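Step one of this worksheet: look at the structure below.
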Amino acid sequence: MILQIDRLSKTYANGVRALNNISLTIPPGMFGLLGPNGAGKSTLMRTIATLQPPDSGTIRFGDLDVLAQPERLRERLGYLPQEFGLYPNMPAEAILDHFATLKGVVNAGERKELVASLLQQVNLYEVRKKSAGGYSGGMKQRLGIAIALAGAPKLLIVDEPTAGLDPTERNRFLNLLADIGEDVVVILSTHIVEDVRELCSLMAIINKGEVVVQGNPARILDEVRGRIWRRTIPRARADEYRARYQVISSKMAAGSTVLHVFAESDPGDGFEAIEPDLEDVYFHRLAEASGGRVPVEA
Ligand code: ADP
């Protein structure tokens with residue numbers, strides 16, 4: 001089933017235009033929604049999850065008009081919000097049993113089986129009797145995914161799930177997402193470029209409520225290939241280079257500054273051509289969308 005988002009707009013009461021005519025086509029598989037903080041990712045996720053209405057636009061999931069029949073979307077939806085509460089004194093097993101009941105699995109035997117298989121899937125089976133309040137951040141996120149999967153969703157939305165996870169936990173979590181069935185639409189919202197690079201066959205970058213680019217990551221990379229150049233300079237000269245070149249990122253490395261610049265042809269001046277990375281595309285597109293200014297200093 002394909003999720004089709006068409007010309008979605010939303011302005012909050014305070015005047016912030018969080019979504020500005022967003023259109024996206026999202027087939028089954030992993031879809032990465034990448035954008036800086038404040039880009040509108042959570043607003044978009046909440047709107048798709050039918051938790052808040054847009055001002056205008058349509059959302060279709062297969063044949064379903066999502067905004068007209070939100071309750072039918074919810075039957076097929078798993079949603080892991082950015083922040084969620086757990087019952088801290090309850091063990092994972094009891095929490096999942098509770099959610100499986102809510103999802104309509106009334107037969108006790110069936111429920112037991114479902115809970116055990118979910119616990120195994122998210123690698124929490126060994127700690128199933130321990131209180132969720134004592135879990136690490138990564139374990140809580142994995143329990144969140146198990147809850148989201150309890151209703152066998154056809155659409156799974158995960159909002160910034162890897163923020164605050166250490167690299168091991170992050171990998172474990174991303175692998176878990178990658179193993180979710182091929183016929184499920186999984187939308188992973190993140191501000192971390194590597195999350196998308198490693199997992200997603202399709203992606204979109206959004207900024208200030210607008211889609212800046214969407215497509216296959218490899219094809220998006222092709223667009224900038226041969227036009228990204230690198231040079232390491234003394235830190236004190238960074239401003240001078242920024243004035244002269246279209247700098248898309250600058251990073252500290254061993255006390256110096258490593259610049260990546262965008263240029264149609266070899267800028268000379270000690271720059272070397274590099275194989276672009278998704279991060280280069282990301283910063284380049286954000287810089288373009290902000291009128292050439294470098295939006296992020298890493
Ligand atoms: P992201 O998830 O990409 O960080 P958000 O969707 O949370 O972006 O926010 C997009 C913009 O809308 C931001 O400028 C944010 O401050 C604003 N915003 C988000 N939620 C609300 C709200 N409930 N009321 C007013 N402004 C909001």
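Atoms considered below: every heavy atom in the structure, side chains included; atoms not considered: hydrogens, waters and symmetry mates. If you're wondering where the values come from, they're calculated on a predicted model, not measured in any experiment.
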Check: [Y] main-chain N/O paired with [X] side-chain donor or acceptor under 3.5 Å:
X	Y	result
Thr101	Asp97	yes
Arg230	His260	no
Asp280	Asp277	yes
Thr43	Ala18	no
Tyr125	Ser117	no
Arg231	Asp269	yes

Do [X] and [Y] have side chains that approach each other closer than 4.5 Å (heavy atoms only, starting at C-beta)?
X	Y	answer
Arg76	Pro153	no
Leu177	Ile145	yes
His98	Leu102	yes
Val261	Phe271	yes
Lys208	Asn20	no
Ser9	Arg17	yes
Phe31	Cys200	no
Leu188	Pro161	yes

Taking every non-hydrogen atom, the tightest pair across [X] and [Y]:
X	Y	answer
Pro217	Ser201	CD-O, 3.2 Å
Asn207	Val212	CB-CG2, 3.6 Å
Leu124	Met139	CD1-O, 3.8 Å
Thr58	Leu67	CA-CD1, 4.1 Å
Pro53	Lys10	O-NZ, 3.1 Å
Tyr87	Ile95	O-CD1, 3.7 Å

In plain terms, say whether [X] and [Y] are close enough for a salt bridge, that is, a side-chain N and a carboxylate O under 4.0 Å apart.
X	Y	result
Asp222	Arg225	yes
Glu279	Lys251	yes
Glu240	Arg244	yes
Asp159	Lys41	no
Arg285	Glu223	yes

Would you say [atom1] of [X] has more than 12 non-hydrogen atoms from neighbouring residues, nucleotides or ligands within 6.0 angstrom?
X	atom1	result
Glu71	CD	yes
Phe84	CZ	yes
Gln120	CD	yes

Where at least one partner belongs to [range], residue pairs that pass salt bridge (charged side-chain N to carboxylate O under 4.0 Å, His left out), sequence neighbours excluded:
range	answer
residues 42-70	none
residues 18-39	none
residues 168-177	Arg142-Glu169, Arg170-Asp195, Arg170-Glu198

Would you say the side-chain atoms of [X] and [Y] include a donor-acceptor pair closer than 3.5 Å?
X	Y	answer
Ser250	Arg242	yes
Ser23	Arg7	no
Ser249	Tyr282	no
Arg74	Tyr79	no

Problem set entry | Verdict with reasoning, Arg237 to Tyr241, per side-chain contact (heavy atoms from CB on, under 4.5 Å) | CA-CA 7 Å; Arg237 297 188 62 193; Tyr241 276 81; 4.0 Å; yes
Nearest 0.5 Å, please: how far is [atom2] in [Y] from [atom1] in [X]?
X	Y	atom1	atom2	answer
Leu149	Ile180	CG	CD1	4.5 Å
Gln246	Arg227	CD	CZ	10.0 Å
Asp6	Thr25	CG	OG1	8.0 Å
Met203	Thr190	CE	OG1	10.5 Å
Ile206	Leu33	CD1	CG	4.5 Å
Glu264	Trp229	CD	CH2	10.0 Å

Is [Y] reachable from [X] through a run of hydrophobic residues whose side-chain heavy atoms are each under 4.5 Å from the next?
X	Y	value
Val196	Leu286	yes
Ile220	Phe283	yes
Leu155	Ile2	no
Val66	Leu44	yes
Val211	Val16	no

For this session: With sequence neighbours excluded, tell me which residues meet salt bridge (Lys or Arg N to Asp or Glu O under 4.0 Å) with Glu194.
Result: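 Salt bridge (Lys or Arg N to Asp or Glu O under 4.0 Å) list for Glu194, sorted by chain: Arg197.
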Problem set entry | salt bridge (Lys or Arg N to Asp or Glu O under 4.0 Å) partners of Lys154, counting only residues at least two apart |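 In terms of salt bridge (Lys or Arg N to Asp or Glu O under 4.0 Å), with neighbours along the sequence ignored, Lys154 is linked to Asp183.
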For this session: List the steps and the verdict of side-chain contact (heavy atoms from CB on, under 4.5 Å) for Val127 and Tyr135.
Result: CA-CA 9 Å; Val127 292; Tyr135 285 1; 3.8 Å; yes
Problem set entry | Ile187 and its side chain to side chain contact (heavy atoms under 4.5 Å, CB included) partner, picked from Val158, Leu156, Leu3 |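 It is Leu3, the one option of Val158, Leu156, Leu3 that forms the side chain to side chain contact (heavy atoms under 4.5 Å, CB included) with Ile187.
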For this session: Go through the steps for Gln121 and Leu176 under the test side-chain contact (heavy atoms from CB on, under 4.5 Å), then give the verdict.
Result: CA-CA 8 Å; Gln121 190 177 350; Leu176 173 60; 4.2 Å; yes
Problem set entry | Verdict with supporting geometry, Val122 and Leu143, side-chain contact (heavy atoms from CB on, under 4.5 Å) | CA-CA 7 Å; Val122 302; Leu143 177 54; over 6 Å; no
Exercise. Residues in ring-ring contact (aromatic ring centres under 6.0 Å, His included) with Phe262, at least two apart?
Worked result: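 ring-ring contact (aromatic ring centres under 6.0 Å, His included) list for Phe262, sorted by chain: His284.
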